[in-house]
Number of protein chains: 2
Amino acid sequence: MKQEELLRQARQLFSDYLEQHHQRKTTEKFVILDEIYLRNDHFDSESLYAEMKQKNFNISRATVYNTLELLKECRLISKHQLGKNHARFEKSYGFWQHDHLICLDCSKVIEFCDPRVHQITTRMGEIFHFDIPHYSLILYGHCQG
Amino acid sequence: MKQEELLRQARQLFSDYLEQHHQRKTTEKFVILDEIYLRNDHFDSESLYAEMKQKNFNISRATVYNTLELLKECRLISKHQLGKNHARFEKSYGFWQHDHLICLDCSKVIEFCDPRVHQITTRMGEIFHFDIPHYSLILYGHCQG
DNA sequence: GTGCATGCAAATCCTTTGCAGTGAT
DNA sequence: ATCACTGCAAAGGATTTGCATGCAC
């Protein structure tokens with residue numbers, strides 16, 4: 001799918017979500033969505049905020065955080081808490097669900113998929129009678145090891 | 001294994017570790033180790049610190065954090081970053097490695113084991129040529145779901 | 001005796017909150 | 001016209017740091 005088409009659909013999904021949840025469709029929210037879907041990396045809130053400033057969008061940190069929360073709720077982005085002061089976000093609409101392998105030396109992030117992860121969440125949900133809408137799997141290692 | 005025997009071995013392992021890493025064997029470090037091995041829960045640094053205060057051990061937060069770090073390095077405890085301001089520790093010597101399922105509603109923590117987790121870490125290590133000494137798997141769900 | 005570890009408090013980091021003003025409905 | 005959303009700056013909580021003192025070696 002083309003990048004523009006993906007963004008168009010993401011905007012539509014966000015718009016629908018805001019409507020359903022009686023949230024106002026502000027310019028700021030959509031500017032932030034656009035910015036995120038232009039990026040292809042694992043970014044943090046500060047670098048997103050900095051990029052806004054640099055492009056002369058007068059958007060506050062509070063709004064960045066509020067919008068990231070909304071986008072997370074409607075699953076247009078995913079958030080990964082890689083460590084205490086190390087939260088990272090990435091766009092998720094139109095991409096495969098995946099997990100992360102992080103190098104403890106150079107902080108390189110590798111994405112991987114393994115069907116067994118889903119099997120585990122399903123099985124544990126059954127065993128303990130939990131509905132499991134979300135999980136976090138992060139492998140920490142040394143590259144070239 | 002009896003609790004006292006487990007603690008005795010943990011103390012010995014800690015002592016050896018400190019010696020090998022040229023760290024001083026202070027009273028504070030061993031008092032903290034004892035305190036942790038008396039507990040059977042997933043605790044945070046503040047509750048450990050509070051318990052010290054309550055028992056009239058004059059130990060500072062700095063020392064609590066320093067010692068937790070050392071105990072983590074020598075694998076006598078494990079640390080789980082359940083969310084940004086939500087780190088939890090538990091003793092790990094003499095216990096099976098396990099992962100966690102957390103209820104988003106009542107914060108209940110369930111421990112589980114699944115051999116597929118280890119298979120995944122091994123496989124990804126092979127594929128990406130990483131040495132993977134550590135990982136984190138946390139499932140977030142709703143109980144009674 | 002030397003100098004690393006400790007206690008204390010201030011500093012730090014990311015994130016959240018309070019408030020007054022703005023703009024979406 | 002309403003009142004939820006925004007920008008700004010100050011507050012917040014967990015953890016780290018700096019410095020003077022004390023204790024392990």
Side-chain angles (χ1 to χ4, degrees), chain A residues 11 14-36 42-74 77 79-89 107, chain B residues 11 14-36 42-74 77 79-89 107:
Chain A
R11 276 212 202 92
F14 195 28
S15 180
D16 292 348
Y17 178 85
L18 293 174
E19 210 157 291
Q20 284 162 26
H21 291 74
H22 312 94
Q23 306 265 359
R24 292 179 177 172
K25 299 176 189 172
T26 63
T27 311
E28 291 81 1
K29 283 172 185 152
F30 286 93
V31 167
I32 291 172
L33 175 64
D34 288 359
E35 193 57 41
I36 290 173
H42 296 86
F43 61 91
D44 59 18
S45 47
E46 189 61 26
S47 79
L48 183 61
Y49 173 70
E51 197 143 328
M52 294 302 186
K53 285 285 165 205
Q54 197 198 316
K55 296 192 175 179
N56 290 315
F57 294 125
N58 192 28
I59 290 180
S60 70
R61 279 196 183 78
T63 303
V64 168
Y65 280 102
N66 286 341
T67 304
L68 285 172
E69 181 61 28
L70 288 170
L71 290 168
K72 183 164 65 100
E73 279 169 19
C74 67
I77 63 171
K79 175 180 182 176
H80 309 288
Q81 192 72 45
L82 306 185
K84 182 185 185 298
N85 284 349
H86 195 201
R88 291 291 176 278
F89 301 85
S107 297
Chain B
R11 278 212 201 93
F14 195 30
S15 179
D16 292 349
Y17 178 86
L18 292 174
E19 210 156 291
Q20 284 162 27
H21 290 74
H22 310 93
Q23 305 266 356
R24 295 182 176 171
K25 298 175 190 174
T26 61
T27 311
E28 291 81 0
K29 284 174 184 146
F30 286 92
V31 167
I32 291 172
L33 175 64
D34 289 358
E35 193 57 41
I36 291 172
H42 297 84
F43 61 92
D44 60 17
S45 47
E46 189 60 26
S47 79
L48 184 59
Y49 173 70
E51 197 143 328
M52 294 303 188
K53 284 286 167 205
Q54 198 197 315
K55 295 190 176 180
N56 291 314
F57 294 124
N58 193 28
I59 290 180
S60 69
R61 278 197 183 77
T63 302
V64 168
Y65 280 102
N66 286 341
T67 305
L68 284 171
E69 181 61 28
L70 287 170
L71 290 169
K72 182 163 65 104
E73 280 169 18
C74 68
I77 63 171
K79 175 181 182 175
H80 310 288
Q81 192 71 45
L82 307 184
K84 183 182 187 298
N85 283 349
H86 195 201
R88 291 292 178 276
F89 301 86
S107 296

What is the minimum heavy-atom distance between [X] and [Y], and which atoms define it?
X	Y	result
B/F89	B/S45	CE1-N, 4.2 Å
A/M52	A/E35	CE-CB, 3.6 Å
B/L82	B/R88	CD1-CG, 3.7 Å
A/Q81	A/K84	NE2-O, 2.9 Å

Find the distance [X]:[atom1] to [N]:[atom2] and express it as a whole number of Å.
X	N	atom1	atom2	value
B/R61	C/dT12	CZ	P	19 Å
A/K84	D/dG13	NZ	P	12 Å
A/L70	C/dT16	CG	P	12 Å
A/H86	C/dC13	NE2	C1'	13 Å
B/M52	C/dC8	CE	P	14 Å
B/Y49	D/dT15	OH	P	14 Å
B/E19	D/dC25	CD	C1'	11 Å
B/L82	D/dA14	CG	C1'	14 Å

Check whether any side-chain nitrogen or oxygen of B/T63 sits under 4.0 Å from OP1 or OP2 of C/dA5, and answer yes or no.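 Result: no.
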OP1 or OP2 of D/dT16 versus the side-chain N and O atoms of B/Y65: is any pair under 4.0 Å? no
Please check this pair: side chain of B/E19 against backbone of B/H22, looking for a donor-acceptor N/O pair closer than 3.5 Å.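 Not at all, since once roles are kept as given, no pair shorter than 3.5 Å links the two residues.
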Flag, side chain of B/K29 to backbone of B/R24, donor-acceptor distance under 3.5 Å: yes
When B/K53 and B/H22 are each assigned the nearest nucleotide of DNA chain C, the 5'-most assignment goes to B/H22
Separation of B/I36 CD1 from B/T67 OG1 (nearest 0.5 Å):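 If we round to the nearest 0.5 Å, B/T67:OG1 and B/I36:CD1 are 8.0 Å apart.
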Are A/N66 and A/T63 close enough that a side-chain donor and a side-chain acceptor fall under 3.5 Å?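 On atom types as modelled, these side chains do not qualify, holding no pair under 3.5 Å.
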Please list, in numerical order, the residues of residues 23-32 of chain A that have a heavy atom closer than 4.0 Å to any atom of DNA chain D.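 The answer is A/Q23, A/R24, A/T26, A/E28, A/K29.
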How would you label the contact of B/N58 with the nucleic acid (heavy atoms, under 4.0 Å): base, sugar-phosphate, or nothing?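 Since only primed, P, OP1 and OP2 atoms lie under 4.0 Å of B/N58, the category is sugar-phosphate.
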Could you tell me, to 10°, how much the axis swings from one end of the helix from C/dG1-D/dC25 to C/dT25-D/dA1 to the other, five pairs per end? 30°
Proximity to the side chain of B/S60 - top-ranked nucleotide from D/dT15, C/dT6, D/dG13: C/dT6
A/N85, nearest nucleotide to its side chain (from C/dT15, C/dC13, D/dT15):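 My answer, after comparing the listed nucleotides, is C/dC13.
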Evaluate the side-chain proximity of B/L68 to B/K79: yes if any heavy-atom separation is below 4.5 Å, no if none is. no
